[in-house]
Every structure is written in C-alpha cells, then in structure tokens.
Amino acid sequence: MKKDFTPTLLDLGPLQIYLARHFGFCYGVENAIEIAFRTVEENPGKRIFLLSEMIHNPQVNADLQSHGVRFMQDNYGKQLISFDELTADDIVIIPAFGTTLQLEKKLNDLGIQTEKYNTTCPFVEKVWNRSEQIAKKNYTIIIHGKPKHEETRATFSHASANAPSVVVKDMQQTIELAKYITREKPSEQFYEEFKDQFSENFDAAKDLERIGVVNQTTMLASDTQAIADYLKQVMIAKYKPATIDNHFADTRDTLCYATLENQQAVSGMLERDADLAIVVGGYNSSNTSHLVELCEEKLPTYFISSEEKILSAKEIQHYNFHAKEELLTSDFLPQKTPIKILMTSGASCPDALVEGVINRLIEVLDLKISTEQLIEQFH
Ligand code: SF4
C-alpha cells in the first residue's frame, strides 16, 4: 500500500506549523527505554550500568541517570568507568545500537550476564545477519557508516568476525576505496588511508575482488544507494557485466524502517511552502542530522535539542552539525503573517519535546491559544 507522507497542518492563525507525517521515537528506542526502566524497577539495590548512552537524547539519558543508572563509556568509546570496577553482581545494559563482540566477551568473562539486559534493536541485528550472509558467500563487507558511531563499531565487530571488512563514511571515501579496486592506487597506501577502518589482516590486494555493502541503519537513504550503485559500476567496469554476481553481492540497503519513514516524511513535508524548518533531537543523533541535511537543501533550518533553545521571538540557539558547534541566530522568524514552519524530530526524540517547541513558539509569539484549541487542531 502506498504510504501517506503529507504533513499535518497545525493552523494557529499567525503561526502555521507543518508537522511531518512520521517523526520521533522508533520501535528500537522505545523498546530500549522500556527495558532500561523495567530493569531499574525490578532490581532495587543493585548497581546498574549502561555500556554507553542509551540513545542519543540528553533528556532520556539524564532521566536514566537520575534513577541511578551510570554510563560506562561516552559516545565515542572513551571509558568513563573502568571495567575493573564491575563485579558479577552488577547489571550492565547493552544499548539499542548494540555492542562489539569484544566488549560482550569482556562482560561475560567478568561473570556478567548480558542476554537479559541486551536492548540491541532488531533492525541493527538484521544488519549483522545480512553481513553474515554476505560473508558466507566469501564477499568482503563494505560498511557505509560513521566509523566512530557505536552502531557502526558494533556492526564492524560482528562483520569482521566473519569476513574482511572495511568502513566507508561517505561517497568521497568510497571513491578513494574504489581506486584500490581498480589499482589506480597502490595497495600499500590503503592501510594508512583507511587506518582504524579495516579488519585485522585485511589484504587490500585481494580482499576487494568480491564485495557486498551494508550500512548503518540511520544513514541518508540517497547516500547509501549512491554508494552501493557506485561500487557496483566500478565492479562492472573492472570485471564485465556478465560476471558481476561473482564480484558484487546484490543486496538491498539495511536502513531501518524508522529512518526511511522519517526521511520520506521530511521529503513530503518539504513540498509545502514554508519560511523555515525546525528539527528537534539530540545533537549527536545520526538519524536526526540526516533530517536536518534534507531540510537544509531547501530552506533555513534550525536543529535544536529542546524548546529552551528558542530564547525569544528574535533569537534561537541551534546546532550546526557540520561545524559541530552551537550558534546563536537573530531574527530567525520572518516579519510576516502567517509564519510557516516545517517541523520534525529524530528517532531518539520524545514527542513531548516537539510539543514543548510548539508551545514555546506560541509563547514567544504571544499567541492567545489554549491547550484545548491546540488539541482541537489535531482533530
Ligand atoms: S533508528 Fe532504527 S535501528 Fe535505530 S533503534 Fe530506531 S528502529 Fe532501531
């Protein structure tokens, strides 16, 4: 069935908000949060740790911390609490992105059971299964993802247990990787250029003759498709079309349903004329940054983590994820009525934050609208 991706219009008179048809919490995040809070409830008195941030959302993580949960690593794998501090009595929750086989073994060796408190999203596990299928057919696994992202590190660990694997972060790196396939670049150079992105004993001279592509679940769909198509064309050019199956595993992308639906809903929303877009989510959230990227192509876009970032009707504090810095922009709202705003949020963002942003806009614009009138709009 064809899905409907037209946005919902909240017509508040001088303010018109187009809400994306799909936004916010995905199955994997909801499931992980539920397991985490249930674990806290069912284990009074026990020390509960999280391998890293549960999801990329500061509010949810702060909520968990206020319930006594402690994070062992930061987002980039930097140790905050030493593994030496753990005992077999402790509970360690594995987050929705999953973890590496090495870390899982380390915990099991300490006597800590991980199965019961493993919140790895089934859509991430699907990527691992896909890599395994590709590996069984002796293809090298190319992972399109952010090399330092927890999910990509976990996928890389699972993939490289079965086959030679290499991570490419974007099209630029893919083009460079292809030069080792075509021998335009000498194999020896590969190890420096792809440092920390290839598996142990990777042989750049041999391991790029048969390849298959998987991706981090939250990448931009168009990027992932372009990368797979590009590599396929490189293989066709090198090995002739008739033998392509021997050199390129034809698989579909491994983006998750939430990533796809949220991106398609943004494309639907962008068909509406508007003055600006507001995207709500954690600044280190991969899927949210891709929604921002889509909006930025069409109109001024403000990536904010909560309603507090709207300082007044004049000023907004927002995140530039390209430069990785927060900026202050003045006069972000146009001097006209109605002001038309497109709005969405990432898969790790609670819906309450979107509601908070809508309420904050109503407040700074001094619109006399009651909650009841607002709710009526949804009907
Ligand atoms: S964004 Fe997708 S893969 Fe990630 S937790 Fe949500 S449903 Fe799972």
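In each ligand, atom 1 is the first atom listed, and ligand 1 is the first ligand listed.
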Next item on the list: Take the angle between the ring planes of Tyr283 and Tyr319 and call it parallel below 30°, perpendicular above 60°, tilted in between.
Entry: parallel

Check: Angle class for the Phe198/Phe190 ring planes (parallel below 30°, perpendicular above 60°, tilted otherwise)?
Finding: tilted

Check: Which ILVMFWY residues can you reach from Leu311 by hopping between side chains whose heavy atoms are under 4.5 Å apart?
Finding: Leu328

Check: Under 2.8 Å from atom 6 (Fe) of ligand 1, how many protein N, O or S atoms can be found?
Finding: 1

Notebook entry, point to check: Sub-3.5 Å donor-acceptor pair from the side chain of Gln65 to the main-chain atoms of Arg70, do we have one?
Noted result: no

Check: Using the ring of each side chain (for Trp, its six-membered ring), is His149 parallel, tilted or perpendicular to Phe97, with breaks at 30° and 60°?
Finding: perpendicular

Next item on the list: Give me the ring orientation class for Phe123 and Tyr257: parallel if the planes are under 30° apart, tilted from 30 to 60°, perpendicular past 60°.
Entry: tilted

